[in-house]
Amino acid sequence: MRTLSIFNSLTRTVEKFEPLNPPLVTYYSCGPTVYSRQHLGNMRSYLFADTLKRALEFDGFTVRHVMNITDVGHMTSDADAGEDKVEMAAHAEGRSPQELAARYTQAFLGDLEQLNVEPAEVYCRATDHITDMIGLIGRIIERGYAYVAPSGVYFDVVRYRACGRSVAEAKGSGRPGRLSRQRLEEQHSAQRLEHAPDKRSPHDFALWVLNQPRHLMQWDSPWGRGYPGWHVECSAMAMKYLGETIDLHSGGIDHIPIHHENEIAQSESATGKPFARYFVHNAFLVGSEGAKISKSAGRFPVLDDLVAAGINPLAFRLFCFAAKYRSELGFSLDALKAAERNLYYLWGFTKVARPEQPDAPFARDYYERFAEALNDDLNTPRALAAALELVAEAYRRSDLRVWQTLTALDRVMGLRLEAQLNYVRASRLPDDIQALVDRRTRARAERNFELADQLRQELVARGYEVRDRRDGSSSYAPRWS
RNA sequence: GGCGGCGUACCCAAGUGGCUAAGGGAGAGGUCUGCAAAACCUCGAUUCGUCGGUUCGAUUCCGACCGCCGCCUCCA
């Protein structure tokens, strides 16, 4: 078994990854709040999570991956006027929150499928786990880290941050958050003045929201009718499916200061145990001007936009694979097109590959390079370079026996090479296309190149790729599925 | 105000205290081909935002500056 080194946000260093009970890895990654389409920036995160999971599997681990689908409780802010994102969007679209959530959940899963993301072992909806959340909140209250106020049950951030010294002492000088390294008093609190007046501190966050009669989704709880806060579903569901201490937790870099900090706080104050042993965060996809692509900024491309532009979704997958997860990635059509060229380069190899033969010895070096790069904190760009050079080397040597290696690498890259091979091999030409092919073959035999070229143009226009070989034979295949 | 990050060729993007600064795209030239396409070969940053410092030696470490970005309010 190889050892993955990965940057752990908890320690801010690259560490050897060692799960609690190998070969099992318990992995929780943050899923979407389903009130809108997930844009390409979001998709980068899910692709990153997928690559991380595939890398662990490449190394021989068995990954149990849990992803949340948050369909309630995600507020637009923590102020009084904060509204539930799902309910707000539902209202705007004239649907029920349930309909809206179901619709965007489907769209989300469809996107993952198009990107060839391995399905998680468990997708869990927040609304299916209300009792788990209530149980967790109860434990937090018992341990003294949450309190009940008229407007809700709040996590007592000041008490938690005090951790080992008196609350009074900690007030205004609490220890910095483990992930964000921010001290409470250093945070810009001007924006938080609108907070619920019965909160003890502006930093406290809601575990359970009470007395919001206009809210549609409500459940009974020991503290009254209401609904859960945003972060608590992740803690509750992660623990339910993976245990009180999980191996690995990932998400976007923006989750470091709020969501994950809060998850850790509420989880560990409930259990007294470490919540996650490794936290891993991916950087943003940014627009051409270097600004992040964000939902709140309004317009942002979604996967369907790429498809509409004629770009294969897997090109986006490869595009993300070609950059390190911890670096910002600059999105542009040119850059995406470059990735698409690489995709077609690898797919094109299926037309000449020798899947029935064992690999030539030279393939081994490239496999090793790929594995080494991958395990070096997921250096996917270097891994990709190894894969591309493997194919180039095969062409160069005119020794095309590298298929076993290439497909092994593709179990991490996820470009569906195997499926592409089957597709290319299985596809028979439709009769009308075959007729054109026959006519062209005849024309070429008669050295009537004018007609042959005309027929080639026709075939290309119909979506077929024409490749004449040196020996005079030709291949006609649909231009990529 | 606090926390964090970035600046490598036309574009995307790795990387290292000193071996030729990965790889890809685009571009130029070539091989092959009836011509294409595909594939392969060659070329391409004497240089890594700027200025200092440490060092025998820095793109890589330190400092300052310039520029860009994220977070501290929902955000992958």
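What you see below is based on every heavy atom in this structure, not just the backbone, and it leaves out hydrogens, waters and symmetry mates. So that the names make sense, note that chain A is the first sequence line, chain B the second, and so on, each numbered from 1.
No hydrogens or angles considered: a donor-acceptor pair under 3.5 Å links the side chains of A:T70 and A:N68. If you check the side chains of A:D377 and A:Y325, you find a donor sitting under 3.5 Å from an acceptor. Residues A:H249 and A:E263 have side chains that bring a donor and an acceptor to within less than 3.5 angstrom of each other.
Atom name C1', nucleotides B:U59 and B:G52: the rounded distance is 16 Å, in whole Å. Distance noted for atom P between B:G25 and B:G63: 39 Å (whole Å). Only the C1' atoms considered, B:G7 is 15 Å distant from B:C12, to the nearest whole Å. Of the C1' atoms belonging to B:U16 and B:C48, the separation is 12 Å, rounded to the nearest Å. Rounded to whole Å, the separation between the P atoms of B:C11 and B:U20 comes to 27 Å. Comparing the P positions of B:C40 and B:A58 gives an interatomic distance of 39 Å, to the nearest angstrom. B:A39 and B:A26: their P atoms are spaced 10 Å apart (whole Å). If you take atom C1' in B:C19 and the same atom in B:G29, they sit 30 Å apart, rounded to whole Å.
Using a 4.0 Å heavy-atom distance criterion, A:L384 is classed as making no nucleic acid contact. At a threshold of 4.0 angstrom between heavy atoms, the contacts of A:E389 are confined to the sugar-phosphate backbone, with no base atom among them. Counting non-hydrogen atoms under 4.0 angstrom, A:K324 reaches the backbone sugars and phosphates but no base. Residue-level contact check: A:S327 touches the backbone only, with heavy atoms under 4.0 Å from sugar-phosphate atoms and none from bases. The residue A:L329 sits close only to the backbone: its heavy atoms come under 4.0 Å of sugar-phosphate atoms, none of a base. Across all strands shown, A:R44 has no heavy atoms under 4.0 Å from either base or sugar-phosphate atoms. No contact: A:A339 has no heavy atom under 4.0 Å from any strand.
Nucleotide B:A64 is matched to B:U50 when pairs are restricted to Watson-Crick or G-U wobble geometry with both distances under 3.5 angstrom. Base pairing of B:G23 is made with B:C12, judged by Watson-Crick or G-U wobble geometry with both donor-acceptor distances under 3.5 Å. Pairing partner, B:G44: none, since no Watson-Crick or wobble contact has both distances short of 3.5 Å. The partner of B:G1, taking Watson-Crick or G-U wobble pairs whose two distances both stay under 3.5 Å, is B:C72. Here B:A39 sits opposite B:U31 as a Watson-Crick or G-U wobble pair (both hydrogen-bonding atom distances under 3.5 Å).
Comparing atom distances between the A:P381 side chain and each of B:A76, B:C11, B:A13 picks out B:A13 as nearest. Checking B:A22, B:A13, B:A76 against every side-chain atom of A:R382, the shortest atom distance belongs to B:A22. Side chain of A:F284, nearest nucleotide from B:C40, B:G70, B:A38: B:G70.
Rounded to whole Å, the distance from CD on A:E372 to P on B:G23 is 16 Å. Across the protein-nucleic acid pair, A:I253 atom CD1 and B:C71 atom P stand 11 Å apart, rounded to whole Å. Taking atom CG of A:N42 as the reference point, atom C1' of B:G70 lies 15 Å away to the nearest angstrom. Taking atom CG on A:L388 and atom C1' on B:C40, their separation rounds to 15 Å, with Å as the unit. Between the C1' atom of B:A22 and the CG atom of A:D365 lies a distance of 16 Å, rounded to the nearest Å. The separation between A:F7 atom CZ and B:G5 atom C1' is 11 Å, rounded to whole Å. Nucleotide B:C72 holds its P atom 12 Å from the NE2 atom of A:H255, rounded to whole Å. Across the protein-nucleic acid pair, A:E328 atom CD and B:C68 atom C1' stand 9 Å apart, rounded to whole Å.
Contact of the A:Y476 side chain with the A:R440 side chain is registered, since non-hydrogen atoms from C-beta on lie closer than 4.5 Å. Side-chain contact check for A:L4 versus A:F58: every heavy-atom pair is 4.5 Å or farther apart. Residues A:F155 and A:V232 fail the side-chain proximity criterion, which asks for heavy atoms closer than 4.5 Å.
Between the side chain of A:R95 and the backbone N or O of A:A89, no donor-acceptor pair lies under 3.5 Å. Between the side chain of A:N8 and the backbone N or O of A:T13, no donor-acceptor pair lies under 3.5 Å.
Between A:H65 and the choices A:Y46, A:Y241, A:Y27, A:Y123, the ring pair (Phe, Tyr, Trp, His ring centres under 6.0 Å) rule is met once, by A:Y27.
When each of A:P32 and A:D376 is assigned the nucleotide of RNA chain B with its nearest heavy atom, A:D376 is the one assigned upstream, toward the 5' end. Ranked by how close their nearest RNA chain B nucleotide is to the 5' end, A:Y395 and A:Y325 are led by A:Y325.
Contact annotation: A:N342 does not reach the phosphate of B:G23 (side-chain N/O to OP1 or OP2, under 4.0 Å). Taking 4.0 angstrom as the limit, A:R12 places none of its side-chain polar atoms (N or O) nearer than this to OP1 or OP2 of B:C3. Contact annotation: A:R467 side-chain N/O to B:A39 OP1/OP2 distance is not under 4.0 Å. Listed pair A:Y345 / B:C40 meets the phosphate criterion, a side-chain N or O lying under 4.0 Å from OP1 or OP2.
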Under 3.5 Å, side-chain donor or acceptor atoms of residues 449-457 of chain A against the rest of the protein: list the pairs with distances, not counting sequence neighbours.
from   : atom 1 : to     : atom 2 : distance (Å)
A:D453 : OD1    : A:R456 : NH2    : 3.3

Please tabulate the protein-to-nucleotide N/O contacts below 3.5 Å involving nucleotides 33-35 of chain B, giving atom names and distances.
from  : atom 1 : to     : atom 2 : distance (Å)
B:G34 : O6     : A:R444 : NE     : 3.2
B:G34 : N1     : A:D453 : OD1    : 3.0
B:G34 : N2     : A:D453 : OD1    : 3.3
B:G34 : N2     : A:D453 : OD2    : 2.6
B:C35 : O2     : A:R456 : NH2    : 2.5
B:C35 : N3     : A:R456 : NH1    : 2.8
B:C35 : N3     : A:R456 : NH2    : 3.3
B:C35 : N4     : A:D468 : OD2    : 2.7

